[in-house]
Structure formats: structure tokens, C-alpha cells
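Here the structure is laid out as C-alpha cells; the discussion comes afterwards.
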Amino acid sequence: MSFVFPPAATPGILVHGDAAGALFPVRRIYCVGRNYVEHAIEMGHSGREAPFFFMKPGDAVLPVASGTIGRMHYPTLSRSLHHELELVVAIGKGGRDIAAADALGHVWGYAVGLDMTRRDLQNEAKKIGRPWCIAKGFDESAPIGPLYRAAECALGPATRIALDVNGKPRQASTLGKLIWSVPEIIEHLSKAWALAPGDLIFTGTPEGVAAVAVGDRLSARIEGLGSLEVDIVAS
């Protein structure tokens, strides 16, 4: 059997230090909502609620190579595009009902990512009880730096995560302030979906989310994972 037309190419992410230029193939993108206490508060919530998830299409990724500046087009329909800096976890071994104690054995690597959000459309959807897809899953809504292999990483509670816009600090925190840790996220997520190699998990953003405009430069970094720079350009 054959396809009625050639299928789209599989989205891929650059791998840090891979001289051959091999790409990590992206299957699905899962995102954890409100996973830092201070961000939950600034969004009008509080407490350690059970984790919840939303998704972006795999081809929403915007890969950015080390030492380069990515270009993200300001999305249509919105007048309030917000940045959300996040640790990204890449799954290399699939499974269902994965115990937290075993979860890190399923991780292929980590990267710096941005969950870009059409905040005005998200707020409208919340008011009338509609899904967030239009606010979260648009083209280029997931800029991401190169993946670092898990064995090369030494991430911990004190690992710093920060984002500047035009050289001015916007977001700053540590991974220890995640409400749900990476192993706990994988445990909860794998109860709802069977995870597979190529899945990405955006683990939540700290406080300080705010709007950006055409001409702004976003500079994101996580200790041990390098940096991610993106310019917002006109559509």
C-alpha cells in the first residue's frame, strides 16, 4: 500500500555535540500546566493541585542550533504573545504506567524550551470553557535548543533557569521549585498516555511570564543545557 501523497517529514531537534548532524525525531509534545507555585499564583491559582496536561503538535517545534538566533514569527489572531521558559524532557524509551522510581531510565535527554502562548486567546477560551489548542498549539510555538544526552547532564534542585528579554531579566528560578518533579510528571503522564520514543515533555514555567513584541530578543538558559536565543519577527 502507498500514501495518496508523500507524508510530511518528521520534525527533528538538533543534538548537542553530534558532529554527524543526527536529529532527534519528534512524535508528540506534552506540556504540564502551572507547575511552579509562583506562576500558579500569578495565573490566579494556588496550592499543589494534581498535574494536568495539554499538547502541541510535533511540528510546532522551532529548532535553534547552538550559537545561532532563531526567528519566530509573531502569530496571527493574537495581540498578546507570552513567553514561558521551560525545561524540556525528551523520551527515549516508551512505556505505560511508569513508576516515578523508574522514570529517569526512560529519558533520552534534556533541552531549553519556550512554550509560547497566545495569552489573549487562552484567556478567552478559559472564560467560556473551551480548549486551549488555538492558544498553545500554533506554528513555531515551541522553540527549542539542542538536546543534551541525559548521561551528560547533572541537573538538580539548585539548577538555575532564567530568561531575559532584550537583556532585561523576566524569569528566574530553580528546578527545585517545580511542584511536580520530572519523575513524578512521567509517572502521571504515562497513566494517561502510552509514552514512546520521540515524545517531548515541557515541564512548566516559573513566574514572570509576560508579553513580547516584534523586534524583541528572548534569551533563555538552563545551567548545563546551554542557551536558547530567539528573535520575534513580523509574520
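These figures come from a predicted structure and were not determined experimentally.
Taking 4.0 Å as the cut-off between side-chain N and carboxylate O, Arg71 and Glu229 do not count as a salt-bridged pair. Salt bridge present: Arg149 and Asp18 bring a charged side-chain N and a carboxylate O closer than 4.0 Å. Salt-bridge annotation for Asp115 and Lys136: present, with a side-chain N of the basic residue lying under 4.0 Å from a carboxylate O of the acidic one.
The OH atom of Tyr110 sits 12.0 Å away from atom CD of Glu152, with the distance rounded to the nearest 0.5 Å. Rounded to the nearest 0.5 angstrom, His106 NE2 and Glu187 CD are separated by 11.0 Å. Put simply, CG on Asp102 and CG on Asp97 are 12.0 Å apart, with the number rounded to the nearest 0.5 Å. Between atom CG of residue Leu87 and atom CG of residue Leu175 there is a gap of 5.5 Å, rounded to the nearest 0.5 Å. Note that SG of Cys31 is 9.0 Å distant from CG of Leu200, once rounded to the nearest 0.5 Å. Going from atom CE of Met72 over to atom CG of Asp139 covers 9.5 Å, rounded to the nearest 0.5 Å.
In this structure, the side chain of Gln122 does not engage the main chain of Ala135 through any donor-acceptor pair within 3.5 Å. A donor-acceptor pair is defined here as one N or O able to donate and one able to accept, closer than 3.5 Å; such a pair exists between the side chain of Asp216 and the backbone of Ala213. The backbone N or O of His73 sits less than 3.5 Å from a side-chain atom of Glu140, completing a donor-acceptor pair. Although no hydrogens or angles enter the test, the distance criterion places no donor-acceptor pair under 3.5 Å between the side chain of Arg118 and the main chain of Pro75. For Tyr36 (side chain) and Ser173 (main-chain N/O), no donor-acceptor pair under 3.5 Å exists by modelled atom type.
Residue Val230 is grouped with residue Ile222 when hydrophobic side chains (ILVMFWY) are merged at heavy-atom distances under 4.5 angstrom, including chains of intermediate members. One hydrophobic cluster, built from ILVMFWY side chains closer than 4.5 Å, cannot hold both Val64 and Ile13; they sit in different ones. Cluster membership check: Leu14 does not share its hydrophobic cluster with Leu225, using side-chain heavy-atom separations under 4.5 Å among Ile, Leu, Val, Met, Phe, Trp and Tyr. Cluster annotation: Ile91 and Ile98 are assigned to the same hydrophobic cluster (Ile/Leu/Val/Met/Phe/Trp/Tyr, side-chain heavy-atom contacts under 4.5 Å, transitive). Both Tyr30 and Val89 are part of a single hydrophobic cluster, where members link through side-chain heavy atoms under 4.5 Å apart.
A heavy-atom distance below 4.5 Å is not found between the side chains of Lys56 and Phe202. The side-chain heavy atoms of Ile69 and Arg217, taken from C-beta on, include a pair separated by under 4.5 Å. Between Ile128 and Arg130, some side-chain heavy-atom pair lies under the 4.5 Å cut-off. Side-chain contact between Thr10 and Val26 is absent, with no heavy atoms from C-beta onward closer than 4.5 Å. Counting only heavy atoms from C-beta outward, the side chains of Arg119 and Glu84 approach each other to under 4.5 Å.
Defined by atom type and a distance below 3.5 Å, a donor-acceptor pair is missing between the side-chain atoms of Asp164 and Ser219. In this structure, a donor-acceptor pair under 3.5 Å is present between the side chains of His83 and Gln171.
Between His188 and Trp180, the ring planes are perpendicular. Angles over 60° get that label, and only those under 30° would be called parallel. The aromatic rings of His16 and Tyr148 lie parallel to each other, with less than 30° between the two planes, well short of the 60° mark. Using cut-offs of 30° and 60° for the angle between ring planes, the Trp108 and Phe24 rings count as tilted.
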Yes or no on side chain to side chain contact (heavy atoms under 4.5 Å, CB included) for Leu178 and Val32, after CA distance, side-chain angles and deciding distance? CA-CA 11 Å; Leu178 282 166; Val32 187; over 6 Å; no
Begin from the C-alpha positions of Arg34 and Phe52 and carry the test side chain to side chain contact (heavy atoms under 4.5 Å, CB included) through to its verdict. CA-CA 8 Å; Arg34 297 195 295 263; Phe52 70 94; 3.6 Å; yes
What verdict does the side chain to side chain contact (heavy atoms under 4.5 Å, CB included) test give for Leu121 and Leu77, after you've listed the backbone C-alpha separation in whole Å, the side-chain angles of each residue and the deciding distance to 0.1 Å? CA-CA 8 Å; Leu121 301 189; Leu77 302 179; 4.1 Å; yes
Derivation of the salt bridge (charged side-chain N to carboxylate O under 4.0 Å, His left out) call for Asp199 and Arg27: CA-CA 5 Å; Asp199 289 342; Arg27 191 180 83 114; 2.8 Å; yes
Step-by-step side chain to side chain contact (heavy atoms under 4.5 Å, CB included) determination, Ile186 to Ile201: CA-CA 9 Å; Ile186 292 173; Ile201 305 171; 4.0 Å; yes
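The heavy-atom pair separating Ser78 from Leu81 by the smallest distance is OG-N, 4.0 Å. Taking both residues in full, the closest heavy atoms of Ala142 and Ile29 are given as CB-CD1, 4.3 Å, listed atom of the first, atom of the second, then distance. Nearest approach of Gly94 to Pro197, heavy atoms of both residues: N-CD, 3.8 Å. Between Gly204 and Asn35, the shortest heavy-atom contact is CA-CB, 4.1 Å. Among all heavy-atom pairs drawn from Pro11 and Val61, the shortest one is CB-CG2, 3.9 Å. In plain terms, the two heavy atoms of Ser190 and Arg96 that are nearest each other are O-CG, 3.4 Å.
Considering Thr205, Ile144, Leu218 as possible partners of Leu114, the one that fulfils the side-chain contact (heavy atoms from CB on, under 4.5 Å) test is Leu218.
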